[in-house]
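Below you'll find the structure, written out as structure tokens, and then a few comments.
The analysis underlying the following values was restricted to heavy atoms, covering all of them including side chains, and did not include hydrogens, waters or symmetry mates. Since this is a predicted model, take the numbers as computed values, not measurements. In what follows, residues are counted from 1 in the order of the sequence shown.
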Amino acid sequence: MTSAYESDPIFQTNPLQVLNLVTRIQSREIALPDFQRDFVWDSTRTAELLGSIMSRYPVGTLLFWEQGEGQAFASRSFDGAPSSSNNPPSILVLDGQQRLTSLYQALTGSGDERYFINVDEFVDIPSRRVREVPDVDFEKAIFSMPAAGKAGRRYQAPMPSQLPIAEVHKFDEWLDDYADSIGNNPELSLTAREAKSLYREMRDKYISPLKTYGLPILTLPSSTSMDAVCTIFETLNRTGKPLGPFELLTARFFPQGVNLRDLWDEAEANHRTLKEFRIDPYNVLQAICLRVRGSAQRSDVLKKLTGDDIKAHWESATAGFAGVIDMIQSDCGVISQKWLPYGMILTPMAAVWDKQKELKPLERSQALRRLQQFFWASTFTTNYDQGANSQMGADYSRLTKWITTGEGEAPEVIDELQINASTLRTASVRRKALYSGLICLLVKNKAADFHTGQSMTATRALEAESHHIFPKAYLAKQQSPESSELMLNRSLIDGETNRIIASHAPSVYIEKMKTAYGEQRLADVLASHAIANQQANGLLNDDYSTFLDERLEIVIQLIEEATGKTIQRDVTR
């Protein structure tokens, strides 16, 4: 009977000696998955790693992944290692590429640098002893030089006391010559025999670990799911560029003649908005999975997508993202990625984009309006705050028929707009979807430039920032009980106007605006920003709470117009 406290053997752990690892990398028994990033360590970090190993200090655990029979997973050799092999690797390195590449290149004399040991830094000749680790200056003891020009040419050390690390296996031969040179130096008062004894002790303490040091290895079995491998990668790469499902599938589909990297480069070249809106290529794979499997869950993308699915749908899916972005830019006021309420919302829309293109012009116009209605409803319902993958699947299953015919079940956000006036009244700028949705509504409403009164073109809108209408400093002086960071207190205001506003009361800068371009134009400018323009309004009277209530009503009307739904007005502060 197994104890509840016994370990579950999910993976194997055992150390492997440096020399063993180098040999297996050389034979390509150990390789890298094709999705791994490139080798980036500089010579300083490599020297530090060598010093740690020579000191027998811990250098971290390596993570390997066994490759089973017929596991078609694209791989590549370590930098500097032979690239050809008759057999696929039996091990792929998931974590430890930088360390293993550094060790391989240093110990085989490959790569752009050659590494050396200044052996005299490890011994104290006057006292006839080998120095302890804290007494060794490793910055002097280990150094590198650029590789020699001709491949295969032996790189000579600058001085007799400097041993190439790639030749540590010839240490005893090297020592014969070096001990003789020391024994012939009368200033050292050291015989060749004494020198050999001293440097052999140094060899056992510092040189031997370069061959025998055991690096701890954690090995995942070949049965480990790609979903699990993906999660591990995302965990390991929190501080760097994350490696996720797209990289894993890039490696998986490569043997099938599908190069996802090239496909993505081509897609970004053909549709510049994909880069401008920072579309993740994994979202394209999710859109394809929605089409062919009805799911955007990571496990389904990893397990169920095939190379044939990619070939059949890649081009139309990427065009779908570009088409959706063009629509929300021109018709929904999403002028840049910064103001996109949800990135995930584009995926189900891109997945169904090709459906509306098959319709006649008038029918297509209705389908586009339904897609826009879906966009606005999802934004203000905040449906994509949690469980976005599940939400995409649910929305896609209903969107396809609903946008093309108006029949069938509409997405739930269309039938049940779960938002009320109270939520909008109290929402702060931290509610990104609501806040971004408001800004997009203002752009759609052709918000005019506060300073000049001119209509805000796409260029001006891009240059404008979201600033306070009631200045934060002014409200602080008034000790207002209402937060200055409510989204209803923000609008697109250019930097010059914001400097003019400074900490003044609204009535002060509004009067300047009226003087500049007249009362009627002032009313039009304020209306374009969803601000009440009656003479006795909260803005002109510096009444913050009244201003918020008045603006709330106008914003609600804009949302109702965009979503086609009525919002409850039971405001509770």
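For the residue pair A287 and A351, the shortest heavy atom distance occurs at O-CB, 3.8 Å. Between H529 and A448, the shortest heavy-atom contact is NE2-O, 2.5 Å. Counting all heavy atoms, side chain and backbone alike, M349 lies closest to M327 at CE-CE, 3.6 Å. Across all non-hydrogen atoms, the minimal contact from A317 to V284 is CB-CG1, 3.9 Å. Of all heavy-atom pairs between P216 and G60, the closest is CG-O, 3.7 Å. Residues Q97 and D38 share a closest heavy-atom pair of NE2-C, 3.7 Å.
How far CZ of R425 is from CG of L488: 7.0 Å, rounded to the nearest 0.5 Å. Rounded to the nearest 0.5 Å, atoms CD (E268) and NZ (K275) are 5.0 Å apart. Going from atom CG of L371 over to atom CD1 of I403 covers 4.5 Å, rounded to the nearest 0.5 Å. Residue L290 holds its CG atom at 10.0 Å from CD of Q297, rounded to the nearest 0.5 Å. Within the model, atoms CD1 of I469 and OG of S491 stand 5.0 Å from one another, a figure rounded to the nearest 0.5 Å. Note that the SG atom of C289 and the CG atom of D309 stand 8.0 Å from one another [nearest 0.5 Å].
With a 4.5 Å cut-off on side-chain heavy atoms, N489 and K472 do not count as touching. Side-chain contact check for E560 versus T566: some heavy-atom pair is nearer than 4.5 Å. Looking only at side-chain heavy atoms (C-beta outward), V258 and K311 come within less than 4.5 Å of each other. For the pair I559/L424, a side-chain contact is recorded, criterion being any heavy-atom separation below 4.5 Å from C-beta on. The side-chain heavy atoms of L260 and L249, taken from C-beta on, include a pair separated by under 4.5 Å. Proximity of I310 to L263: side-chain heavy atoms (C-beta onward) are separated by under 4.5 Å at one or more points. With a 4.5 Å cut-off on side-chain heavy atoms, H271 and L274 count as touching. I419 places none of its side-chain heavy atoms less than 4.5 Å from the side chain of T382.
Between E412 and R398, no side-chain nitrogen of the basic residue sits less than 4.0 Å from a carboxylate oxygen of the acidic one, so the salt-bridge criterion is not met. Using a 4.0 Å cut-off between a side-chain N of Lys or Arg and a carboxylate O of Asp or Glu, E553 and R569 qualify as a salt bridge. Looking at E511 and K514, a side-chain N of the basic residue comes within less than 4.0 Å of a carboxylate O on the acidic one, giving a salt bridge.
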**Item:** Trace of the side-chain hydrogen bond (donor to acceptor under 3.5 Å, both in side chains) decision for N389 with Q286
**Value:** CA-CA 9 Å; N389 289 339; Q286 286 183 300; 3.0 Å; yes

**Request:** Go through R490 and E485 one step at a time and tell me if the salt bridge (charged side-chain N to carboxylate O under 4.0 Å, His left out) criterion holds.
**Result:** CA-CA 8 Å; R490 292 295 189 96; E485 299 307 308; 2.9 Å; yes

**Message:** Is there a side chain to side chain contact (heavy atoms under 4.5 Å, CB included) between W402 and I414? Walk through the geometry before answering.
**Reply:** CA-CA 11 Å; W402 179 73; I414 302 299; 3.9 Å; yes

**Message:** Could you go through E247 and R252, starting from their C-alpha distance and side-chain angles, then the distance that decides it, and tell me whether this counts as salt bridge (charged side-chain N to carboxylate O under 4.0 Å, His left out)?
**Reply:** CA-CA 9 Å; E247 287 75 19; R252 175 194 274 181; over 6 Å; no

**Asked** What's the verdict on side chain to side chain contact (heavy atoms under 4.5 Å, CB included) for L438 and R551, showing C-alpha distance, side-chain angles and the deciding distance?
**Response** CA-CA 11 Å; L438 170 62; R551 197 176 195 219; 4.2 Å; yes

**Request:** Evaluate the side chain to side chain contact (heavy atoms under 4.5 Å, CB included) criterion for residues S528 and K446: first the C-alpha distance (whole Å), next the side-chain angles of each, then the deciding distance (0.1 Å), finally the verdict.
**Result:** CA-CA 6 Å; S528 72; K446 303 188 184 303; 5.7 Å; no

**Asked** So Q356 and L368, side chain to side chain contact (heavy atoms under 4.5 Å, CB included) or not? Walk me through it.
**Response** CA-CA 7 Å; Q356 57 82 26; L368 291 175; 3.8 Å; yes

**Message:** Applying side-chain hydrogen bond (donor to acceptor under 3.5 Å, both in side chains) to S545 and E482, what does each step give before you reach the verdict?
**Reply:** CA-CA 7 Å; S545 291; E482 302 262 18; 3.0 Å; yes

**Request:** Evaluate side-chain hydrogen bond (donor to acceptor under 3.5 Å, both in side chains) for R291 paired with S316, printing each intermediate quantity in order.
**Result:** CA-CA 11 Å; R291 288 183 179 182; S316 64; 2.6 Å; yes

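Crowding of E315 atom CD: a count of heavy atoms from other residues, nucleotides or ligands under 6.0 Å not exceeding 12. Counting heavy atoms of neighbouring residues, nucleotides and ligands inside a 6.0 Å radius, atom CD of E561 does not exceed 12 of them. Applying the 6.0 Å contact sphere to CD of Q478 captures more than 12 heavy atoms from other residues, nucleotides or ligands. By the 6.0 Å contact criterion, CD on Q386 is open, its count of non-hydrogen atoms from other residues, nucleotides or ligands being 12 or less. Counted within 6.0 Å of NZ on K401, heavy atoms from surrounding residues, nucleotides or ligands total 12 or fewer; the atom is thus considered open. More than 12 heavy-atom neighbours from other residues, nucleotides or ligands sit within 6.0 angstrom of CZ on R261. Applying the 6.0 Å contact sphere to NZ of K357 captures no more than 12 heavy atoms from other residues, nucleotides or ligands.
Using a 3.5 Å distance cut-off with no hydrogens or angles, the side chains of Q391 and D395 do pair a donor with an acceptor. In this structure, a donor-acceptor pair under 3.5 Å is absent between the side chains of T546 and D549. For the residue pair D326/Q329, the side-chain donor-acceptor check at 3.5 Å is not satisfied. Judged by distance alone, the side chains of D542 and S507 do bring a donor and an acceptor atom under 3.5 Å apart.
Sorted by first and then second residue, the ring pair (Phe, Tyr, Trp, His ring centres under 6.0 Å) pairs with a member in residues 340-397 read Y342-Y384; sequence neighbours excluded.
Checked by atom type and distance alone, the side chain of T404 pairs as donor or acceptor with a backbone atom of T400 at under 3.5 Å. For E550 (side chain) and G538 (main-chain N/O), a donor-acceptor pair under 3.5 Å exists by modelled atom type. N383 places no side-chain N or O within 3.5 Å of a backbone atom of S378 that could act as its donor or acceptor partner.
The aromatic rings of W339 and Y435 lie perpendicular to each other, with more than 60° between the two planes, well past the 30° mark. Taking the six-membered ring where tryptophan is involved, the planes of F246 and W314 are tilted, since the angle between them lies from 30° to 60°.
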